[in-house]
Amino acid sequence: MTDLDAVLGNAGPTGLKERIAAELAAVRERSLAYTDADDDMLVRQHSPLMSPLVWDLAHVGNYEELWVLREVGGIEPLRPEIDHLYDAFRYPRKDRPALPLLGPAEARKYISGVRGRVLDVLDQVDLTDPDPLRSGGYVFGLVLQHEHQHDETMLATLQLSRRPGLVRDGELPPGRPAAEPEVHIPAGVFTMGTDTLAWAYDNERPAHRLYLPGYWIDRHPVTNGAYLRFVEDGGYRDPRWWLPQGWEWAERNGVEAPLFWTRDGDTWWRVRFGREEPVPPDEPVQHVSWYEADAYARWAGKRLPTEAEWEKACGGRTYPWGEADPGHLGRWANLGHRAARPAPAGAFPDGASPYGVEQLIGDVWEWTDSWFQPYPGYRCFPYEEYSKVFFGETYRVLRGGSWATHSSAVRTTFRNWDYPIRRQIFAGFRCARSEE
């Protein structure tokens, strides 16, 4: 049972509405903080992989208008002439700067106007209505998670901008060495996915039983120090470790290390939100593609875990440690931008799963060996463009969230996906191996 389910059960719809209103206020504060910059910074495209920040800002408001105001509230469109501009499937990111987008001030005014009406709808809606958009406040969970996901996208854009002084940092607990670097997960049947979490997406459903043979999985994500050994052993120059398409990609793009890493003599440096610093050896490596993660795993004599293996290692709970919401500064995980970097390996022993696997949630998204495919019995809801159109053998699944992911937008059943070449996301990995 999630914390939100507990609110609904113990305090009723009024308590859930209060929680939703507070979460809506918090996510908007976050969005405005990441766009608190000069207009040139907001309208410029910092990478063809990303939209201008001002597009993301207006898009979250347009998404709220479409789903809360129009679909649930029955309210006439406020700005129907801009719908096509903020349709994520109409124009690719590289083309969005040429569109007649709302300027920063107009975007802020628009999303503020939408939000005021959204709160009016929240006041009036019946959260016990069996309609799937209303029941349990699903539509509000939809827009909350969507905005937090775009906030993480904004952070990726801010990293690509290399402009210093725009992203706050914070303190993290120290790491600790692992007595045993791997954890054994015994063979057996487990339940994958969910039928019960109120705000889970369609691709997390339905719950289904799977048998997995026994396997070993890394206790912690692979660290910078471990990854550096692969780099210095010539891993990027040896095609034995790479799939052919990964080797071709790395050769064509001159990839020699994780994104944002450079070498000066014997020291490796990274650029983190506009500041150059030595690569910390004890942090989980991030900004690596699936191809790089797969090559490292082969070099290490291991492999990437399947997403089923990753989820089983969590122990069948909403979070690996149980049902308690991690919040902003919980003792279980590095989530919600408590600091602008991953925590050192071993920093959150209280967040371990029942098997003893640590840092499964937060720090870095973890690449898995799985393609993004529907579960048996999948039913599309509420629209095909969230999940269905991405199924196939094009996108690899990532699990667990990153330091930039909000706690309301991640859980052990949550599935993320991206192209195997993507590196601007806050992605790392851990390895697994089958029983011998």
Side-chain angles (χ1 to χ4, degrees), residues 152 155 159 164 167-183 216-232 257-261 266-288 293 296 300 310 313-315 317 319-322 324-367 399-407 410 412 425-431:
E152 184 163 354
L155 281 168
Q159 167 70 351
V167 176
R168 64 168 178 81
D169 207 349
E171 296 298 321
L172 290 167
R176 68 188 220 297
E180 298 292 338
E182 294 179 305
V183 174
W216 295 83
I217 192 167
D218 289 351
R219 188 177 300 274
H220 301 133
V222 171
T223 63
N224 290 322
Y227 195 86
L228 186 56
R229 291 193 287 275
F230 166 69
V231 176
E232 294 186 335
L259 187 62
F260 305 114
W261 283 29
D266 294 331
T267 303
W268 283 92
W269 297 78
R270 71 177 181 188
V271 175
R272 184 170 64 89
F273 296 106
R275 292 186 172 89
E276 194 171 38
E277 60 191 18
V279 171
D282 56 351
E283 284 184 14
V285 66
Q286 65 175 349
H287 297 304
V288 291
Y296 172 94
W310 187 96
C314 292
R317 300 165 167 181
Y319 303 103
W321 55 86
D325 188 320
H328 176 58
L329 291 176
R331 68 179 190 272
W332 303 285
N334 178 21
L335 287 166
H337 189 178
R338 64 190 292 165
R341 63 193 188 280
F348 291 95
D350 290 344
S353 77
Y355 294 109
V357 187
E358 299 180 23
Q359 289 171 273
L360 286 158
I361 295 290
D363 292 308
V364 290
W365 287 102
E366 297 185 21
W367 288 110
R399 291 299 200 104
S402 77
W403 61 265
T405 307
H406 193 266
S407 60
V410 73
T412 58
I425 56 177
F426 304 109
F429 62 101
R430 74 180 72 217
C431 297

Note to self: Any non-hydrogen side-chain atom of Pro320 less than 4.5 Å from a side-chain atom of Ile361?
What the structure shows: yes
Margin query: For Ser402 and Gln286, which I'm curious about, is there any donor-acceptor pair between the side chains at under 3.5 Å?
Written below: no
Notebook entry, point to check: Who pairs with Arg331 by salt bridge (charged side-chain N to carboxylate O under 4.0 Å, His left out), at least two apart in sequence or on another chain?
Noted result: Asp350
Check: Can you tell me how far CZ of Phe230 sits from OH of Tyr296, rounded to the nearest 0.5 angstrom?
Finding: 9.0 Å
Note to self: Rounded at 0.5 Å granularity, tell me how far CD in Glu232 sits from CG in Leu228.
What the structure shows: 4.0 Å
Notebook entry, point to check: Rounded to the nearest 0.5 Å, how far does CZ of Arg270 lie from CD of Glu276?
Noted result: 11.5 Å
Margin query: Between His287 and Gln159, does the side-chain contact (heavy atoms from CB on, under 4.5 Å) criterion hold? Intermediate values first, please.
Written below: CA-CA 11 Å; His287 297 304; Gln159 167 70 351; 4.0 Å; yes
Check: Which pair of non-hydrogen atoms, one from Ala427 and one from Val364, has the smallest distance, and what is that distance?
Finding: C-CB, 4.2 Å
Next item on the list: Verify side-chain hydrogen bond (donor to acceptor under 3.5 Å, both in side chains) between Trp403 and Glu283, making sure each step is shown before the conclusion.
Entry: CA-CA 12 Å; Trp403 61 265; Glu283 284 184 14; over 6 Å; no
Notebook entry, point to check: Do Arg341 and Glu277 meet the salt-bridge criterion of a basic N to acidic O distance under 4.0 Å?
Noted result: no
Next item on the list: Nearest 0.5 Å please: distance from the CD atom of Gln359 over to the CZ atom of Phe348.
Entry: 7.0 Å
Note to self: I need the minimum non-hydrogen distance between Val285 and Trp261, along with the two atoms involved.
What the structure shows: CG2-CZ2, 4.2 Å
Notebook entry, point to check: Just wondering, do Trp365 and Ile425 contact through their side chains at under 4.5 Å, heavy atoms?
Noted result: no
Next item on the list: Write down the atom of Asp325, the atom of Tyr319, and the distance for their closest heavy-atom approach.
Entry: CA-CE1, 4.0 Å
Next item on the list: Calculate, to the nearest 0.5 Å, the distance between atoms CZ and OG belonging to Arg317 and Ser353 respectively.
Entry: 8.0 Å
Checklist line | Any donor-acceptor N/O pair, Asn224 side chain to Pro280 backbone, under 3.5 Å | finding: yes
Next item on the list: Report yes if some heavy atom in the side chain of Arg430 is under 4.5 Å from a heavy atom in the side chain of Leu360; otherwise report no.
Entry: yes
Next item on the list: Answer yes or no: is there a donor N or O on one side and an acceptor on the other, between the side chain of Trp310 and the main chain of Gly400, under 3.5 Å?
Entry: no
Item checked: Thr223 and Asp282, any side-chain heavy atoms less than 4.5 Å apart -> no
Item checked: Full working for side-chain contact (heavy atoms from CB on, under 4.5 Å) between Ile217 and Tyr355 -> CA-CA 10 Å; Ile217 192 167; Tyr355 294 109; over 6 Å; no
Notebook entry, point to check: Do Val357 and Arg219 have side-chain heavy atoms sitting under 4.5 Å apart?
Noted result: no
Checklist line | Nearest heavy atoms of Thr412 and Arg399, plus distance in Å | finding: O-NH1, 2.8 Å
Margin query: Can you tell me how far apart CG (Leu172) and CG (Asp363) are? Round to the nearest 0.5 Å.
Written below: 8.0 Å
Next item on the list: Quick one: closest heavy-atom pair of Pro354 and Gly315, and the distance?
Entry: CD-CA, 3.9 Å
Item checked: Close side-chain approach of Phe426 and Leu155, heavy atoms under 4.5 Å -> yes
Notebook entry, point to check: Can you name the closest pair of heavy atoms from Gly346 and Pro349 and give their distance?
Noted result: O-CD, 3.6 Å
